[in-house]
Peer 1: 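Just dropping this structure here.
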Amino acid sequence: MGELRKSFHDELDEIQAGIVRMAALVTESVPRATESLLESNLELAQQLITADDELDYLSVHLEERCHQVLALQSPMAGDLRALSTALRLNAELERSGDLAVNIAKGTRRIYGTRYDATLRGLLVRMSEEACRLVRLAIDSYVDRNAGLAAALDDIDDQLDGLNQDCVQAVFQAHNDGTIDLQAAVQLCLISRYYERIGDHAVNIGERVVYMVTGWLPEHTGSARLKDREHYRIDEAGDEAGEETSEE
């Protein structure tokens, strides 16, 4: 039995290492996608688009491995939460990689666009903040730090604010005639891609809290709904009792 448990936890360690590897690929690709955009580097953009195949391969391999462990080991309690969390983090990171690819594709769609200092600075800051959130999210996962994981939602406020500032800067640049409408639309989308990477990091944090504590934000809403259902049932019972007594 001891050997089986050791083998199982070795599998969990390797799955965790796979998650960390995926996160590293995401945090490497985001700043490079930003560079391709700001420098109008089509070659770099294509390299990033092609390199996404590695992340997709890792994602598929990791998902299959998690399913295999679930089928063969029948884990319970905390071990089951660890596996379900790995599956969710896998999906969040794979999608974050797709968003980095979307930024690189933006290089091709608005090739040759010139960016003023304000807009350039905001895009760089969004790129840096998105990567910081992903790193913090993965740190919380590796360290099983529920406090850090829960704080990510508030930390993400900075990236949300940068997104708003970036969209305003895009509108201003378009009004000033320095970028055309096509570039303005694409840049607003790109700003949203950075912001969404931050949202995926927050989602990772929520799953880490669940892995450590067994609690999810959805549980609060579920409890409220359950309380309302009980209230309606109790209220209906009281009304039925009143009708019976009247008869």
Side-chain angles (χ1 to χ4, degrees), residues 10-39 41-73 80-111 123 126-142 149 152 156 159 186 189-208 210-211:
D10 286 345
E11 287 280 1
L12 287 181
D13 289 343
E14 290 186 19
I15 288 170
Q16 177 177 289
I19 293 291
V20 172
R21 174 59 181 156
M22 289 181 68
L25 289 176
V26 171
T27 55
E28 289 168 8
S29 63
V30 172
R32 295 184 72 209
T34 305
E35 179 185 349
S36 75
L37 178 72
L38 296 178
E39 303 304 323
N41 189 331
L42 295 177
E43 182 179 356
L44 177 57
Q46 185 57 49
Q47 288 174 7
L48 291 167
I49 294 167
T50 303
D52 187 55
D53 290 345
E54 181 181 357
L55 186 62
D56 290 341
Y57 171 80
L58 286 173
S59 177
V60 171
H61 178 70
L62 187 64
E63 183 174 358
E64 290 175 348
R65 191 161 196 170
C66 287
H67 289 158
Q68 184 178 41
V69 173
L70 283 167
L72 297 178
Q73 301 285 353
L80 180 59
R81 292 202 304 271
L83 278 171
S84 65
T85 296
L87 281 167
R88 183 63 176 266
L89 266 59
N90 175 40
E92 300 288 352
L93 290 169
E94 192 276 333
R95 182 56 187 145
S96 296
D98 288 343
L99 290 166
V101 168
N102 287 346
I103 295 169
K105 288 180 177 178
T107 302
R108 301 193 302 198
R109 296 190 180 107
I110 54 176
Y111 175 74
L123 289 168
M126 291 192 75
S127 174
E128 293 172 347
E129 189 62 21
C131 288
R132 184 173 82 98
L133 281 161
V134 174
R135 292 191 187 100
L136 289 173
I138 296 305
D139 285 346
S140 74
Y141 169 63
V142 172
L152 288 168
D156 183 50
L159 185 54
Q186 288 298 320
L189 289 173
I190 288 168
S191 180
R192 175 63 173 161
Y193 298 151
Y194 289 119
E195 193 267 341
R196 284 296 298 150
I197 292 171
D199 288 344
H200 285 297
V202 172
N203 291 344
I204 289 172
E206 290 179 353
R207 300 307 298 194
V208 170
Y210 169 69
M211 180 180 71

Peer 1: Atom CG in Leu70, atom CG in Leu87: separation rounded to 0.5 Å?
Peer 2: 6.5 Å
Peer 1: Find out whether the Lys NZ or Arg CZ of Arg196 is both under 6.0 angstrom from the six-membered ring centre of Tyr193 and within 45° of the ring's axis.
Peer 2: no
Peer 1: Side chains of Ile138 and Val142, heavy atoms from C-beta outward: is any pair under 4.5 Å?
Peer 2: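 Yes, their side chains come closer than 4.5 Å.
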Peer 1: Roughly how far apart are Leu62 CG and Asn90 CG, rounded to 0.5 Å?
Peer 2: 4.5 Å
Peer 1: Do the side chains of Glu35 and Arg32 get close enough for a salt bridge, i.e. N-O under 4.0 angstrom?
Peer 2: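 Looking at Glu35 and Arg32, the cut-off is not met.
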Peer 1: Do His200 and Val26 have side chains that approach each other closer than 4.5 Å (heavy atoms only, starting at C-beta)?
Peer 2: no
Peer 1: So, Tyr141 versus Thr85: side-chain donor-acceptor pair below 3.5 Å or not?
Peer 2: no
Peer 1: Check whether more than 12 heavy atoms from other residues, nucleotides or ligands sit under 6.0 Å from atom CD of Glu14, and answer yes or no.
Peer 2: yes
Peer 1: Measure the spacing between CD of Glu92 and CD1 of Ile204 and express it to the nearest 0.5 Å.
Peer 2: 6.0 Å
Peer 1: Under 3.5 Å, side chain of Ser59 to main-chain N/O of Asp56, donor-acceptor pair present?
Peer 2: no
Peer 1: Of all heavy-atom pairs between Ala86 and Ile15, which one has the smallest distance, and what is that distance?
Peer 2: CB-CG2, 3.6 Å
Peer 1: Could you measure the distance from the CG atom of Asn102 to the CG atom of Asp98? Nearest 0.5 Å is fine.
Peer 2: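 If I round to the nearest 0.5 Å, the distance is 7.0 Å.
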Peer 1: Are the side chain of Thr50 and the backbone of Gln46 linked by a donor-acceptor contact shorter than 3.5 Å?
Peer 2: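 Flag set: sc Thr50 to bb Gln46 pair under 3.5 Å.
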Peer 1: Find the distance between OG1 (Thr34) and CD (Glu39) and round it off to the nearest 0.5 Å.
Peer 2: 11.0 Å
Peer 1: Look only at the side chain of Ser127 and the backbone of Leu123, and say whether a donor-acceptor pair between them is shorter than 3.5 Å.
Peer 2: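 Looks like no, no N/O pair under 3.5 Å.
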Peer 1: Report the distance from atom CG of Leu83 to atom CZ of Arg65, rounding to the nearest 0.5 Å.
Peer 2: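 Atom-to-atom, Leu83:CG and Arg65:CZ are 11.0 Å apart.
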Peer 1: Given Leu93, which partner from the list Val134, Leu55, Ile197, Thr27 fulfils the side-chain contact (heavy atoms from CB on, under 4.5 Å) test?
Peer 2: Val134
